[in-house]
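Read through the structure below, which is laid out as structure tokens, and then see the notes.
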Amino acid sequence: MALLSQAKVEAVTVADAQDIRRAAEALHVIALECAMRAAPQHDIADKRTPTDADGNMLARDVFGWQDDARVWWRNSRIALDSPITSACRFESQPFWVNAAGFHTGQPNPYLQAIDLANFAARAQTRAAIVVPVHLPFGQIGAVSFNPLDPEATDLSEQFRKYGDALGLYARTFIATYVHAKGGVQALQAGSRLSKREVECLRWAAIGKTDLEISMIMSRSRATVRFHIHNASLKLNAVNRSQTVFKAAQLGYISLVH
């Protein structure tokens, strides 16, 4: 089966809101070709699941999940409880997982630390191929591909054969879905922090006060405040902490030291 193809990439690409259902149906067909069922989530922090232009739930109406008490969107704590959701915060590449552990292309100590007790109940599957989708402004989406055989626990062969292709299609669908759906713009287009603003925020990110930053940079405290205030306006932030956080989301500074 020629799973990886440009035609399939185009098929799962959402051009606009009216195109969502068609792209979702294409992703569903691809998953079925791999004997899997896709479970898409555009934002793991959002209880809502992707919908078409008319508000119909794709998980139920396209991907074939029954709307009952067992499905993930009925579990208000799944973002905290599911080991799959937890793993998507610490991994950006496709992986597969079962009760025995996470299986990735490269070792990830963060995943090894995730509790897998009572895995099937918490993950609502015995095994899955998972594609994390890291989007702008810190939003994390994911697509879990669950085997049609509910008893299947070893997905090593499926992951070897389909993992890269499913990763490409899942990222394409989720990223273009989010773009097509739109929403409140996080900051003004063209906003760009200056060198001095970034320098001040780098020191603020490690806990330095305005006075300490002024001494380090040989500038007045008023100048430091001016730069941080300007950065907050550009990033549409309401306080110093949010300014630092948004600057990190956009890659201006790092919170890892």
Side-chain angles (χ1 to χ4, degrees), residues 17 40-51 72-73 75-93 108-111 113-115 130-143 171 174-257:
Q41 187 64 23
H42 64 290
D43 185 347
I44 62 173
D46 194 335
K47 295 179 181 178
R48 297 169 297 179
T49 65
T51 58
W72 74 92
W73 63 85
N75 182 353
S76 61
R77 291 185 54 81
I78 192 137
L80 297 175
D81 287 346
S82 172
I84 289 178
T85 305
S86 297
C88 289
R89 298 188 176 98
F90 301 109
E91 180 58 62
S92 60
Q93 296 300 312
N108 185 332
Y110 292 105
L111 300 190
I114 294 175
D115 179 18
V130 182
V131 181
V133 186
H134 290 256
L135 300 163
F137 306 106
Q139 183 172 329
I140 302 174
V143 180
R171 291 192 191 101
I174 293 294
T176 56
Y177 168 85
V178 170
H179 188 271
K181 275 289 191 175
V184 178
Q185 197 162 314
L187 75 166
Q188 294 180 356
S191 295
R192 181 176 180 180
L193 299 187
S194 71
K195 179 180 177 180
R196 291 299 184 196
E197 290 162 355
V198 171
E199 189 175 2
C200 289
L201 291 178
R202 282 175 178 161
W203 290 114
I206 61 174
K208 299 297 183 181
T209 65
D210 290 345
L211 177 59
E212 290 171 328
I213 297 172
S214 70
M215 295 173 66
I216 293 168
M217 295 177 58
S218 299
R219 297 289 189 275
S220 71
R221 181 158 41 170
T223 298
V224 171
R225 288 175 175 169
F226 172 78
H227 287 313
I228 293 179
H229 177 67
N230 271 359
S232 71
L233 293 178
K234 290 179 180 179
L235 299 180
N236 192 26
V238 298
N239 55 35
R240 184 190 188 96
S241 297
Q242 192 181 36
T243 303
V244 169
F245 177 69
K246 285 193 170 186
Q249 284 185 320
L250 294 170
Y252 283 110
I253 62 174
S254 173
L255 297 182
V256 179
H257 303 286

Test side chain to side chain contact (heavy atoms under 4.5 Å, CB included) applied to M217 and S214, step by step: CA-CA 5 Å; M217 295 177 58; S214 70; over 6 Å; no
Minimal non-hydrogen separation, V244 against A205, with atom names: CG1-CB, 3.7 Å
Nearest atoms (heavy-atom pairs only) where R240 meets T209: NH2-C, 4.1 Å
Shortest non-hydrogen separation from A231 to L201 and the atoms involved: CB-CD1, 3.8 Å
Minimum heavy-atom distance between T243 and S232, given as atom pair plus value: OG1-CB, 3.1 Å
Chi angles and distances behind the side chain to side chain donor-acceptor pair (under 3.5 Å) call for T51, K181: CA-CA 9 Å; T51 58; K181 275 289 191 175; 3.1 Å; yes
Residue pair I140, L135: steps toward the side chain to side chain contact (heavy atoms under 4.5 Å, CB included) verdict: CA-CA 6 Å; I140 302 174; L135 300 163; over 6 Å; no
E197 backbone acceptor or donor facing N230 side chain under 3.5 Å: no
CA sep, side-chain torsions, deciding dist, call: R202, E199, side chain to side chain contact (heavy atoms under 4.5 Å, CB included): CA-CA 5 Å; R202 282 175 178 161; E199 189 175 2; 5.6 Å; no
Side-chain donor or acceptor of K246 paired with backbone N/O of L235 under 3.5 Å: yes
Value rounded to 0.5 Å, distance of NZ in K208 from CE in M215: 10.0 Å
Any donor-acceptor pair under 3.5 Å from H134 side chain to C88 backbone: yes
Closest contact, heavy atoms only, H42 versus Q139: O-NE2, 2.9 Å
Spacing of CG belonging to L211 relative to CD1 belonging to I216, to within rounding of 0.5 Å: 9.5 Å
Heavy-atom neighbours of Y252 OH exceed 12 at 6.0 Å: yes
Spacing of CD belonging to Q41 relative to CZ belonging to R48, to within rounding of 0.5 Å: 10.0 Å
Side chain to side chain contact (heavy atoms under 4.5 Å, CB included) evaluation trace for I174 with V131: CA-CA 10 Å; I174 293 294; V131 181; over 6 Å; no
Under-4.0 Å salt bridge between R221 and D210: no
Minimum heavy-atom distance G141-I44, with the two atoms named: C-CG2, 4.4 Å
Distance in Å, W203 CH2 paired with I228 CD1, rounded so as to fall on 0.5 Å steps: 13.0 Å
T85 side chain vs D81 backbone, donor-acceptor pair below 3.5 Å: no
Euclidean distance, C200 SG relative to I253 CD1, rounded to 0.5 Å: 11.0 Å
